[in-house]
*Asks:* 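Dropping the structure in here first, questions after.
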Amino acid sequence: MIDTDILVVGAGPAGLSAAAEAARHGARVTVVDENEKPGGQLFKQIHKFFGSRRHRAGVRGFDIGYALLDEVKSLGVEVMLDTVCYGIFPEGVGLVVSGKRDVLVEPRRIVLATGASENPLCFPGWTLPGVVGAGAVQTMINVHRVPVGERVLMVGSGNVGLIVSYQLLQSGAQVVGIVEALPKVGGYGVHAAKVRRAGVPIYTSHTVVSALPNSDNTRVKAAVIARLDENMSPIPGTEKELDVDTIAIAVGLTPMTELAFIAGAAFTYSGLLGGHIPLHDEDLMTTVEGLYVAGDVSGVEEASTALEEGRLAGVAAAASLGKIPEVEAEEKKREIRESLRDLRTGPFGDARARAKEEIVNEMAKRRGKRSA
Amino acid sequence: MLERDGYLEIEEIERIPGFPGREALSRKKVAILECAQEIPCDPCEAACPRGAITVGSRITNLPAIDPERCTGCGTCVARCPGLAIFVIDLTKPDHDVVTMPYEYLPLPEAGQEVACLDRRGAMLGSGRVKRISTAKANDRTAVVTVEVPKGLGMEVRAIRVNGRVLAGELEGVKEPSKEGLLPQGPEDPDDMLICRCEEVTRKEIIEAIREGAVTVDAVKRRTRAGMGLCQGRNCGKTVSRLIAEELGKPVSSVPPASKRPPVRPVKLSVFAAGEDVPDDDK
Amino acid sequence: MKRISDHPILGPLPEAREVWITVDGERLQAREGEPILAALLAHGIHVQNISRKKKAPRGLFCGIGRCTGCVMTVDGVPNVRTCVTPVRDGMVIETQEGLGKWGDRK
Ligand SMILES: Cc1cc2nc3c(=O)[nH]c(=O)nc-3n(C[C@H](O)[C@H](O)[C@H](O)COP(=O)(O)OP(=O)(O)OC[C@H]3O[C@@H](n4cnc5c(N)ncnc54)[C@H](O)[C@@H]3O)c2cc1C
Ligand code: SF4
Ligand code: SF4
Ligand code: FES
């Protein structure tokens with residue numbers, strides 16, 4: 001039995017900053033992550049991050065990961081890697097360590113910071129070897145240093161699609177093009193500009209209609225793309241066949257909420273934030289007392305917001321255990337919420353700010369009803 | 001156009017506060033911040049030792065350049081995570097000079113001839129590398145200063161070194177087939193798999209929905225879609241979309257698939273005696 | 001062998017002890033600690049298994065142990081997710097047919 005005040009599931013930016021914040025105030029914290037390396041998404045990210053200087057903008061993702069990890073360790077947080085959290089039950093939280101040891105933990109608070117998983121895209125030929133998730137591409141080229149292919153078509157022009165395209169170019173692969181179903185580029189203009197000036201065409205209002213196999217059906221040989229009309233249907237006669245051996249899919253992320261579901265948390269839906277999301281209040285607590293969510297699992301956003309949400313959940317969880325005097329805790333929370341509001345402004349952030357607000361309002365209504 | 005094509009046109013650049021102005025450009029070397037969207041980002045502001053860049057109190061403000069304070073030192077170029085800052089000098093009589101960030105291999109050497117590309121990656125001519133800095137403070141972003149043909153200082157934004165092509169260019173692209181038909185894969189879209197683990201096709205799922213399986217769980221019970229090793233993580237979202245389409249309802253109205261522990265395939269031997277392939281159907 | 005041997009941000013590929021694995025009867029070199037799948041991709045092997053119903057080749061998809069596209073039979077154990085399982089010297093790896101069969105443990 002592991003004895004801990006707060007169990008954090010997920011050692012990405014959200015989980016690590018939640019752990020740091022809670023530990024700083026004297027809570028005993030344990031972080032578990034199924035990977036052998038901590039850092040979550042950060043370890044695949046070799047580009048310099050956005051955000052404010054306070055969120056270490058301008059620093060490369062993996063360096064942010066190392067810094068966070070050092071901080072957490074210096075605060076005495078226990079980090080258990082290669083440890084899967086497989087369920088949250090009335091009798092405790094189930095962990096499997098190194099695929100062998102089954103451990104039950106009874107923490108007083110839980111912070112879920114499990115991140116998000118990639119959405120697939122179905123089209124004829126999508127199960128062929130060579131059709132891969134953009135995250136898989138990133139892991140292979142940046143972490144394991146092996147190419148996934150030589151000529152790549154990227155599907156999706158959100159930040160993930162743009163950044164992974166750039167990283168493919170850096171790794172020595174050719175990017176034949178980026179297709180985007182919407183009439184405009186989804187991600188930040190500066191990321192798009194980087195790949196454009198290297199010569200990568202971005203086909204807006206286009207989609208991939210099929211992956212063509214090689215003669216023995218063992219690999220992608222080409223991708224067929226076509227222009228879309230206003231109803232998002234391919235326009236006959238606009239097809240192009242691109243010689244590629246790899247089609248990378250970057251069409252969004254879905255929060256990984258299984259654990260919240262098993263724990264019995266109530267859900268709401270936000271297409272903008274990635275789908276079904278655990279309802280939560282201003283402190284990021286779900287409808288299950290003592291269960292918090294932070295980072296992409298509470299709505300897909302960015303590392304900078306994940307860091308702040310982690311801090312918020314860390315403060316709230318520690319405060320609810322009496323580790324922080326109430327006035328100080330409220331002051332801290334206010335300051336973090338303000339910084340979150342700042343991060344959620346501008347043409348990309350405004351809509352997310354509204355979606356997040358709606359979740360909190362729905363939660364408040366629900367609570368009001370119950371106490372009435 | 002930035003939104004549609006992924007790069008800024010000159011007219012768009014002239015309208016943003018990161019543009020130092022034609023007048024300043026005609027008389028001095030100066031930084032240009034090609035940052036045109038309100039994104040949460042501000043390291044450029046602190047990067048400039050002369051205080052020539054301002055973002056201001058709201059982090060999503062567009063950065064503004066003060067051409068009078070800017071000395072063209074180039075410190076800011078490697079600090080911008082968007083690689084959106086360039087220093088340009090249009091005052092030389094026989095060539096223009098562009099300082100740009102460069103994060104590819106091979107690195108060029110001073111004096112080397114390189115190909116000059118514009119914001120779309122189109123080849124404009126050749127230039128000569130004047131200087132390259134790989135200072136530690138730049139954190140692995142090289143800063144390259146290139147002499148480019150006169151008149152192209154506002155155009156050249158990338159270089160190609162030793163002929164290394166980065167993008168796929170347009171070779172290997174075949175235009176529409178004459179009949180105007182979609183070159184079909186070997187597969188009928190109806191036979192396309194939705195669930196890759198259990199190999200359930202689109203047709204099978206649509207049939208199940210029409211027969212009344214209108215939740216992700218019901219489709220799963222009927223077709224086994226989502227019962228494989230990935231536990232529905234791959235197909236769940238597609239199945240909800242198909243249900244929504246068939247019923248003519250928004251996706252938000254389709255409840256999430258129920259999840260059961262363990263949330264990852266775990267060898268059963270971990271929990272009990274005996275060894276088996278994990279299966280959440282147990 | 002295909003490796004990203006030099007990289008503008010990550011630098012030269014760090015040294016790693018070499019190990020040997022056997023893939024469908026062929027002995028191949030790998031880097032200690034890397035996932036099986038990385039070693040296979042470095043050798044240009046993109047098919048990890050043949051699907052059960054449609055007998056279609058499958059391979060890398062998610063790269064993080066979630067989709068099971070990359071499962072193979074490793075040392076006689078079927079359904080091993082090669083993208084998250086590190087290589088070990090002497091490992092015997094086989095392209096898996098369908099759900100695979102338990103073989104002799106080596
Ligand atoms: C290509 C790409 C580029 C990006 N660029 C930027 C950028 O420039 N700036 C920016 O701000 N953001 C960027 N982001 C977004 C950012 O990386 C994410 O928003 C952020 O990592 C989310 O943090 P998180 O802690 O919520 O989740 P993650 O970083 O995903 O971490 C979650 C962790 O939880 C673990 N986990 C999940 N389930 C379990 C379980 N059951 N048991 C144990 N462990 C579990 C996972 O393995 C993972 O390690 C980028 C993302 C991508 C994919
Ligand atoms: S070039 Fe130098 S002086 Fe000009 S804005 Fe950049 S850092 Fe400041
Ligand atoms: S650092 Fe670069 S991307 Fe960020 S605000 Fe400044 S100019 Fe824009
Ligand atoms: S590629 Fe998805 S589990 Fe290995």
Side-chain angles (χ1 to χ4, degrees), chain A residues 48-53 57-58 84 86-87 96 100 102 117 119-120 122 124-125 127 151 169-170 174-176 184-185 188-190 192-194 196-200 202 204 209-210 212 224 236-243 254 258-259 261-262 267 269 276 304 342-343 345-349, chain B residues 2-8 35-43 46 58-60 79 81-84 103-104 117 119-121 139 157-158 166-169 172-177 180-183 185-187 189 192-194 196 233-234 237-238 252 256 259 261-264 266 270-271:
Chain A
K48 293 179 178 169
F49 265 45
F50 286 106
S52 72
R53 295 183 294 276
V84 176
Y86 65 83
V96 173
K100 295 194 258 306
D102 184 13
S117 63
N119 293 336
C122 300
T127 53
R151 289 173 57 86
L169 298 176
Q170 290 182 305
Q174 291 193 349
V175 179
V176 175
K184 59 181 202 175
V185 175
Y188 293 162
V190 286
K194 277 192 268 191
R196 276 306 263 137
R197 60 181 182 253
V200 178
I202 301 180
T204 43
V209 291
S210 65
L212 306 182
V224 179
T238 63
E239 305 81 11
K240 283 188 177 60
E241 190 181 314
L242 312 178
D243 287 344
T254 300
E258 293 97 332
L259 290 170
F261 189 98
I262 291 167
F267 276 70
Y269 186 90
H276 295 281
S304 45
D342 264 5
L343 289 170
T345 53
F348 293 90
Chain B
L2 184 65
E3 282 205 332
R4 190 190 58 225
D5 308 307
Y7 63 89
L8 288 162
C35 180
Q37 288 171 329
E38 296 182 321
I39 53 177
C41 186
D42 69 0
R58 220 181 62 160
I59 186 175
T60 48
R79 297 295 169 75
L83 306 189
E103 294 190 327
Y104 299 105
L117 313 179
R119 294 183 184 81
R120 295 164 14 246
D139 187 13
R157 288 298 175 265
L166 293 165
E169 298 284 288
V173 176
K174 291 176 209 102
E175 286 294 326
S177 41
L181 290 171
L182 289 178
E187 246 182 351
M192 174 174 80
L193 295 182
I194 301 293
R196 30 190 306 142
R233 210 166 279 114
N234 270 304
K237 232 179 176 172
T238 319
S252 56
K259 317 266 175 358
V263 302
R264 291 284 179 283
V266 171
V270 169
F271 302 112

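Naming convention: chains lettered A, B, ... in sequence-line order (proteins, then strands); numbering from 1 in each chain. Values reported hereafter were calculated over all heavy atoms of this structure, with side chains retained and with hydrogens, waters and symmetry mates removed.
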*Asks:* Based on non-hydrogen pairs under 4.5 Å, which of B/R58, B/K237, B/R79 is most in contact with chain A?
*Replies:* B/K237

*Asks:* Between A/S304, A/A192, A/C122, which has the largest tally of heavy atom pairs under 4.5 Å with chain B?
*Replies:* A/C122

*Asks:* Roughly how far, to the nearest 0.5 Å, is the CG atom of B/L83 from the CZ atom of A/R197?
*Replies:* 6.0 Å

*Asks:* Identify which part of B/I194 has an atom lying under 4.5 Å from any heavy atom of chain A, answering side chain, backbone, both or neither.
*Replies:* both

*Asks:* Only pairs of heavy atoms separated by less than 4.5 Å count here; which of B/P81, B/C35, B/A46 has the most with chain A?
*Replies:* B/P81

*Asks:* Hey, could you give me the OG1/CG distance between B/T60 and A/D342, rounded to the nearest 0.5 Å?
*Replies:* 7.5 Å

*Asks:* I'd like to check A/V185 versus A/T204 (side-chain heavy atoms, cut-off strictly below 4.5 Å). Are they in contact?
*Replies:* yes

*Asks:* Checking heavy atoms, do the side chain of A/T345, its backbone, both or neither come under 4.5 Å from chain B?
*Replies:* both

*Asks:* Between chain A and each of B/S252, B/P43, B/A158, count heavy-atom pairs under 4.5 Å; write down the option with the most.
*Replies:* B/S252

*Asks:* Using non-hydrogen atoms only, which part of A/F50 is less than 4.5 Å away from chain B: side chain, backbone, both, or neither?
*Replies:* both

*Asks:* Could you check whether B/K259 pairs with A/E258 (Lys NZ or Arg NE/NH1/NH2 to Asp/Glu carboxylate O, under 4.0 Å)?
*Replies:* no

*Asks:* Should B/L8 and B/R157 count as side-chain neighbours, where that means a heavy-atom distance under 4.5 Å?
*Replies:* no

*Asks:* Between A/Y188, A/F261, A/F348, which shows the greatest number of heavy-atom pairs under 4.5 Å with chain B?
*Replies:* A/F261

*Asks:* Provide the closest heavy-atom pair for A/L169 versus A/A198 in the form atom of the first, atom of the second, distance.
*Replies:* CD1-CB, 3.7 Å

